[in-house]
Protein chains: 2
Amino acid sequence: MDRVDEILAQWNRERPDLDVTSMGLIGRIRRLAAHLGREMEKTFAAHGLNSATFDVLATLRRSGPPYGLSPGDLLAAMMITSGTLTNRIDQLEKAGLVKRNHNPEDGRSVIVSLTDKGFSAIDAAVTAHAATQARLVASLPAADKAALDALLRGYLARFENPA
Amino acid sequence: MDRVDEILAQWNRERPDLDVTSMGLIGRIRRLAAHLGREMEKTFAAHGLNSATFDVLATLRRSGPPYGLSPGDLLAAMMITSGTLTNRIDQLEKAGLVKRNHNPEDGRSVIVSLTDKGFSAIDAAVTAHAATQARLVASLPAADKAALDALLRGYLARFENPA
DNA sequence: TCCCGATATCTTGACGTCAAGATAATACAA
DNA sequence: TTGTATTATCTTGACGTCAAGATATCGGGA
């Protein structure tokens with residue numbers, strides 16, 4: 001009987017006509033995401049970042065040399081809107097972690113690249129981030145972890161692999 | 001090979017020293033939460049609400065008669081800060097869906113109650129919401145759904161049942 | 001009775017996000 | 001070559017959230 005179960009029990013009492021069997025599953029996914037996000041945010045803050053700016057730097061870093069992508073490329077890799085991305089890049093540029101360069105082949109386009117400072121920052125942050133993530137799942141038995149990951153992958157595919 | 005796997009593959013190429021085995025699990029939970037949240041938001045919007053205001057109304061509704069709780073009670077049931085709750089109640093009061101009453105037994109305290117309009121609104125919204133949630137998990141085989149829910153419950157307990 | 005710590009709620013200011021639309025450059029058909 | 005649709009990015013305004021602190025009330029000890 002966890003907090004989600006309590007919520008379901010209340011609904012069953014007040015609105016017995018409702019089928020809330022799906023509510024528990026979805027509620028648990030969302031509560032877990034919130035808990036995990038808050039923990040990870042602490043690691044980002046310790047490196048002068050937040051999840052928004054980390055996300056941009058990490059995408060550039062893992063894209064490999066020369067560590068530059070257009071805003072359009074970045075958008076395709078993230079679950080955000082274009083206005084949000086512009087704001088993130090502005091913040092990072094102001095902090096000297098990325099720079100914008102004109103794309104000589106297309107006047108509409110821009111290439112956002114990691115600066116040396118940005119490269120150092122994201123490399124240190126992602127190292128700590130991986131450790132935080134390992135800690136956040138450490139309490140989960142290996143078998144549960146594997147089973148959970150497999151089930152989530154199948155579920156997620158229904159949203160991201162239209163077919 | 002979903003999008004999360006692509007991210008892990010990039011990290012393995014660029015930072016083979018990192019152990020990213022936990023990153024996939026956490027990433028999938030968070031991406032799922034985002035997808036689910038956006039879908040549910042559409043249902044709330046169709047009823048003139050959003051997830052923030054729905055959350056307050058739903059908590060009051062499922063608390064049962066007389067459909068009134070103090071901000072403190074509401075806070076305990078939600079994963080938000082007090083300032084956020086004050087703002088939510090303000091919005092709902094402005095819309096005529098809840099009302100604040102002084103608590104005669106404690107001058108510091110307030111009782112937030114559903115108005116008739118608020119009661120009608122949340123009853124209609126939650127009916128639609130339950131249908132949306134059912135649709136969002138409909139593609140999942142019943143066995144997977146049960147297994148996933150059980151694993152998530154165990155994982156969530158590590159964050160919400162300190163012991 | 002009086003005072004002070006605890007409690008309940010609200011206020012303030014900054015920030016991240018989004019939807020919708022603006023701006024500018026490119027591509028391609030006529 | 002010209003004009004229009006398309007593409008890439010940015011701007012604007014509104015909103016929800018948070019952390020930190022302010023305000024007001026309560027409760028218990030001196």
Side-chain angles (χ1 to χ4, degrees), chain A residues 30-31 33-35 37-42 44-46 48-57 59 68-95 97-113, chain B residues 30-31 33-35 37-42 44-46 48-57 59 68-95 97-113:
Chain A
R30 286 169 58 74
R31 289 182 80 96
H35 285 295
R38 286 181 192 181
E39 283 301 313
M40 298 190 302
E41 201 77 39
K42 295 176 190 169
F44 300 146
L49 300 172
N50 58 27
S51 62
T53 47
F54 176 91
D55 201 14
V56 174
L57 295 181
T59 302
L69 295 171
S70 70
D73 294 334
L74 286 167
L75 266 184
M78 301 176 173
M79 298 175 71
I80 58 174
T81 61
S82 66
T84 299
L85 179 60
T86 297
N87 181 46
R88 291 185 180 186
I89 297 171
D90 288 348
Q91 301 303 318
L92 287 166
E93 196 170 33
K94 212 172 299 177
L97 301 176
V98 307
K99 57 181 188 296
R100 283 182 169 99
N101 288 309
H102 294 288
N103 182 344
E105 297 176 0
D106 187 336
R108 295 167 299 181
S109 185
V110 168
I111 300 294
V112 180
S113 304
Chain B
R30 286 169 58 75
R31 290 181 79 97
H35 286 295
R38 285 181 192 181
E39 283 301 312
M40 298 190 302
E41 201 78 40
K42 294 177 191 168
F44 300 145
L49 301 172
N50 59 28
S51 61
T53 49
F54 176 91
D55 201 15
V56 175
L57 295 180
T59 302
L69 295 171
S70 70
D73 294 334
L74 287 168
L75 266 185
M78 302 176 172
M79 298 175 71
I80 59 175
T81 61
S82 65
T84 299
L85 179 59
T86 296
N87 181 46
R88 290 185 182 187
I89 296 171
D90 287 347
Q91 302 301 319
L92 287 166
E93 197 170 34
K94 213 171 298 178
L97 300 176
V98 307
K99 58 180 188 297
R100 281 182 170 100
N101 288 309
H102 293 290
N103 181 344
E105 298 176 359
D106 188 334
R108 296 167 299 181
S109 184
V110 168
I111 302 293
V112 180
S113 306

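Worth knowing before you read on, the calculation uses all heavy atoms, side chains too, and leaves out hydrogens, waters and symmetry mates. Letters A, B, ... mirror the listed sequences (proteins, then strands); counts begin at 1.
Distance CZ (B:Phe44) to C1' (D:dG16): 15 Å, rounded to an integer number of Å. In this entry the distance linking CG of A:Asn101 with P of D:dT9 reads 13 Å, nearest Å. Atom P of nucleotide D:dT17 and atom CG of A:Asn50 are separated by 17 Å, given to the nearest angstrom. Across the protein-nucleic acid pair, B:Glu93 atom CD and C:dT9 atom P stand 14 Å apart, rounded to whole Å. Atom P of nucleotide D:dG16 and atom CG of B:Leu49 are separated by 11 Å, given to the nearest angstrom. C:dC10 atom P lies 12 Å from atom CG of B:Asn103, rounded to whole Å. Between the NE2 atom of A:His102 and the C1' atom of C:dA25 there is a distance of 13 Å, given to the nearest Å. A straight line from CG of B:Asp90 to C1' of D:dC15 spans 14 Å, rounded to a whole angstrom.
Closest approach to the B:Asp106 side chain among C:dT9, D:dC18, D:dT25 is made by D:dT25 (side chain taken as heavy atoms from C-beta onward). Candidate nucleotides C:dC10, D:dC10, D:dT17 were compared by shortest atom distance to the side chain of A:Arg100, and D:dC10 ranks first. You'll find that the side chain of B:Gln91 is closest to D:dG16, out of C:dT9, D:dG16, C:dG16.
At a threshold of 4.0 Å, the pair B:Arg100-B:Glu93 counts as salt-bridged, since one of the basic side-chain nitrogens sits closer than that to a carboxylate oxygen.
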Exercise for review: Determine, step by step, whether A:Leu92 and A:Val56 satisfy the side-chain contact (heavy atoms from CB on, under 4.5 Å) criterion, reporting the C-alpha distance in whole Å, the side-chain angles of both residues, the deciding distance to 0.1 Å, and the verdict.
Suggested key: CA-CA 9 Å; A:Leu92 287 166; A:Val56 174; 3.6 Å; yes
Exercise for review: Show your reasoning for whether side-chain contact (heavy atoms from CB on, under 4.5 Å) applies to B:Asn101 and B:Val110.
Suggested key: CA-CA 6 Å; B:Asn101 288 309; B:Val110 168; over 6 Å; no
Check your understanding: Run the side-chain contact (heavy atoms from CB on, under 4.5 Å) check on B:Arg88 and B:Asn50 step by step: do they pass?
Key -> CA-CA 10 Å; B:Arg88 290 185 182 187; B:Asn50 59 28; over 6 Å; no
Practice item. Might you work through the side-chain contact (heavy atoms from CB on, under 4.5 Å) test for A:Asn87 and A:Thr84, ending with a clear yes or no? Key: CA-CA 5 Å; A:Asn87 181 46; A:Thr84 299; 5.8 Å; no
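Note: B:Ile111 CD1 to B:His102 NE2 = 11.5 Å, rounded to the nearest 0.5 Å. Atom CG of B:Leu74 sits about 10.5 Å away from atom OG1 of B:Thr86, to the nearest 0.5 Å.
Of the residues in residues 74-87 of chain A, those placing a heavy atom less than 4.0 Å from an atom of DNA chain C are A:Met79, A:Ile80, A:Thr81, A:Thr84, A:Asn87, in numerical order.
The phosphate of C:dC15 (OP1 or OP2) has no side-chain N or O of A:Arg88 nearer than 4.0 angstrom. Phosphate proximity of D:dT9 to A:Ser109: present, with a side-chain N or O under 4.0 Å from OP1 or OP2.
Residue B:Ser51 is out of contact with every strand shown, counting any heavy-atom pair closer than 4.0 Å.
Counting atom types as modelled, A:Arg108 pairs no side-chain N or O with a base atom of D:dT9 as donor and acceptor under 3.5 Å.
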